[in-house]
Amino acid sequence: MEWEVVIGLETHTQLKTNTKIFSGASVKYGAEPNTQACEVSLALPGVLPVLNRQAVECAIKFGLAINAHIAPRSVFARKNYFYPDLPKGYQISQFELPVVGKGAVTIQVPAVGKNAAYEKVVNITRAHLEEDAGKSVHGAVEGMSGIDLNRAGTPLLEIVTEPDMRSAAEAVAYAKKLHELVQWIDICDGNMQEGSFRCDVNVSVRPKGSEKLGTRREIKNLNSFKFMTQAIEYETRWQIETLEDGGTIHQATVLFNPDTGETRAMRSKEEANDYRYFPDPDLLPLVISEADKARVLVNMPELPEAMKARFEVQYGLSTYDANALTTSRDLANYFVETTNFGVDAKQAANWVMGSVAAKLNAEDKAIVDSPISAQQLAQLLKRISDNTISNNAAKQVFEAMWNSEGEVDAIIAAKGLKQESDSGAIEVIIDEVLAANAAMVEEFKAGKEKAFNALVGQAMKASKGKANPTQVNDILKKKLSA
Amino acid sequence: MALSIEDIKKVAHLARIEVSDSDAAATLTKLTGILGLIEQMQAVDTTGIVPMSHSQDLSQRLRDDAVTKTNLRDEFQKNAPALGNGSAEQAVAGGLYLVPKVIE
């Protein structure tokens, strides 16, 4: 039987605020344990939550960015459960009336094997505000667990999708797109190591063509795209094998073990899914007016989709290039800055997505940490277009610049990379090559096209790589056809 | 809706309240009474009425995103309970609050 996997995501994004969602305690990462755990974080008797305006504005901004309905009135609810890192015995969240309603995100699913790349719309069910829990630290004291409540009360926006994704590739494409978007609109720092962006993935399988959803299992707390792919692929295989062996899938929460690459169900005791939600009497309904939305909209940057469309028109880039250059605001800015120094947009796009991206990838750096500034890159590209250096030589200059060996012109001079564009000098070289390679010339005249390239190679070699390849081509063609 | 003793035990467990067998029977009677009242209320026609989530007809006030809390850890940790098992020492170490081991 052919199976289809159905995937939905719930993503916890930590909102970019100075303070907690319900108190004025700092949320700065990495502080000494419990130094940012105020009386509200500790749930001391008599304390009351007071909602952070910035957290609300982040939620509105997200809603506007995905064209979602923003609830004019939303309600905070208590989600009740006991765990040592949750001193109140409940998490303040939103249940029946979330702040952000239905919206949509367009994703680009990359080509995998023989399947071509494609675009797809993933529908967002809702997004709601809630507080994070504290952290349990194990092993500090024998037989005990340590509790650090610095993180307790950190503002989160939980973003929930419809079960719209049909492969690990689609799920990861969505997660990456969302990750880019929340950073683009500056509501989340996107730091996955520090837990600012964590995904829960719901996976179920069903016979292909069936309309009915299978029983889902939820993979908790994935904080890397690589693990997400591995976890979904393992979970999908496991569910299909279980069903094919005549077993049944039980709804469960599972954890992914990166060491084994496997998922395993948490014990049922660990997931008493009986949260007894009810409206929190400590908080009044959150009312958002048209004026509130308008105020947030003023600070909304041009969104990636709009920028992509503009790049295609303004710079004549392909959809593929425009997509690649708008994966982050910093990358887009770098590209625009490079072209602003008066270089060809297509050439700039190729270098930004080619050499620059490859280097950044290899060294796991962000574009803002590139040792080559947009201005320096532009200078290098100008030296290619004014024929001072060949494309190959430019690659060497680029390497040297990346290693901070100096400015473009100084490197060209120091390495002797200036190309020979004097046609007289090139003609001399070519005449020598033709004389020394009579056999190749005969082959070419007998119709062997490859011989031409070999002759170009010889001429380049004779010029120690410095001859302008375009001129070599032209002159050689002329001489051979004479 | 008919409640059972098992429901009482389950709700008590979820709320971490210890209810003895004898108390459970009395609690069952009382809770069944309360559910009866709710059933009566559900007979009222509420078509077109916006559900109320708070008894006051006001909206939430918002706070500016500025740090107002200072580090009072040492003060707060004076409230930590004793370690137990005969030790009078407080259940804190290296700034952490200590609790019985939680196993993932």
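Naming convention: chains lettered A, B, ... in sequence-line order (proteins, then strands); numbering from 1 in each chain. Nothing here was measured: the structure is a model prediction, and the numbers come from that model.
- Interface remark: A/K20 contributes backbone atoms only to the contact with chain B (heavy atom separation under 4.5 Å).
- The two residues B/R63 and A/N52 have their closest heavy-atom pair at NH2-CB, 3.3 Å.
- Applying the side chain to side chain donor-acceptor pair (under 3.5 Å) rule to A/K28 yields no partners; only residues at least two apart in sequence or on another chain are considered.
- When the ring pair (Phe, Tyr, Trp, His ring centres under 6.0 Å) test is applied to A/F22, the partners found at least two apart in sequence or on another chain are A/F76.
- Within residues 33-46 of chain A, the residues having any heavy atom closer than 4.5 Å to a heavy atom of chain B are A/P33, A/N34, A/T35, A/A37, A/C38, A/E39, A/L42, A/L44, listed by residue number.
- Of all the listed residues (A/A25, A/S23, A/A77), the one sharing the greatest number of non-hydrogen pairs under 4.5 Å with chain B is A/S23.
- At a 4.5 Å heavy-atom cutoff, B/V92 makes no contact with chain A through either its backbone or its side chain.
- Contact residues of residues 54-62 of chain B toward chain A are B/H54, B/Q56, B/L58, B/S59, B/Q60, B/R61, B/L62 (heavy-atom distance under 4.5 Å).
- Residues B/L98 and A/G146 approach most closely at CD2-CA, 4.0 Å, considering heavy atoms.
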Query raised in the report: Stepwise, does the side chain to side chain contact (heavy atoms under 4.5 Å, CB included) test hold for A/R276 with B/L14?
Result: CA-CA 9 Å; A/R276 295 148 294 140; B/L14 285 172; 3.5 Å; yes
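- For chain B, the nearby part of A/V56 is the side chain; its heavy atoms alone come within less than 4.5 Å.
- Residues A/R53 and B/D64 are paired through a salt bridge, judged by an N-O separation under 4.0 Å between the basic side chain and the carboxylate.
- For the pair A/D148 (side chain) and B/L96 (backbone), a donor-acceptor distance under 3.5 Å is absent.
- Among the candidates B/A66, B/A93, B/A91, the residue making the largest number of heavy-atom pairs closer than 4.5 Å to chain A is B/A66.
- Surrounding CD of A/E96 are at most 12 heavy atoms belonging to other residues, nucleotides or ligands under 6.0 Å away.
- Taken from OG in B/S53 to CG in A/L284, the straight-line distance is 8.0 Å, to the nearest 0.5 Å.
- Side-chain atoms of B/D65 come within 3.5 Å of backbone atoms of A/T19 as a donor-acceptor pair (strictly under, hydrogens ignored).
- For a residue to count as touching a neighbouring chain, one of its non-hydrogen atoms must lie under 4.5 Å from one of that chain's; by this rule A/P285 touches chain B with backbone and side chain alike.
- When each of A/S136, A/G89, A/P281 is checked for heavy-atom pairs under 4.5 Å with chain B, A/P281 comes out on top.
- When heavy atoms are compared at a cutoff of 4.5 Å, A/I288 does not approach chain B at all.
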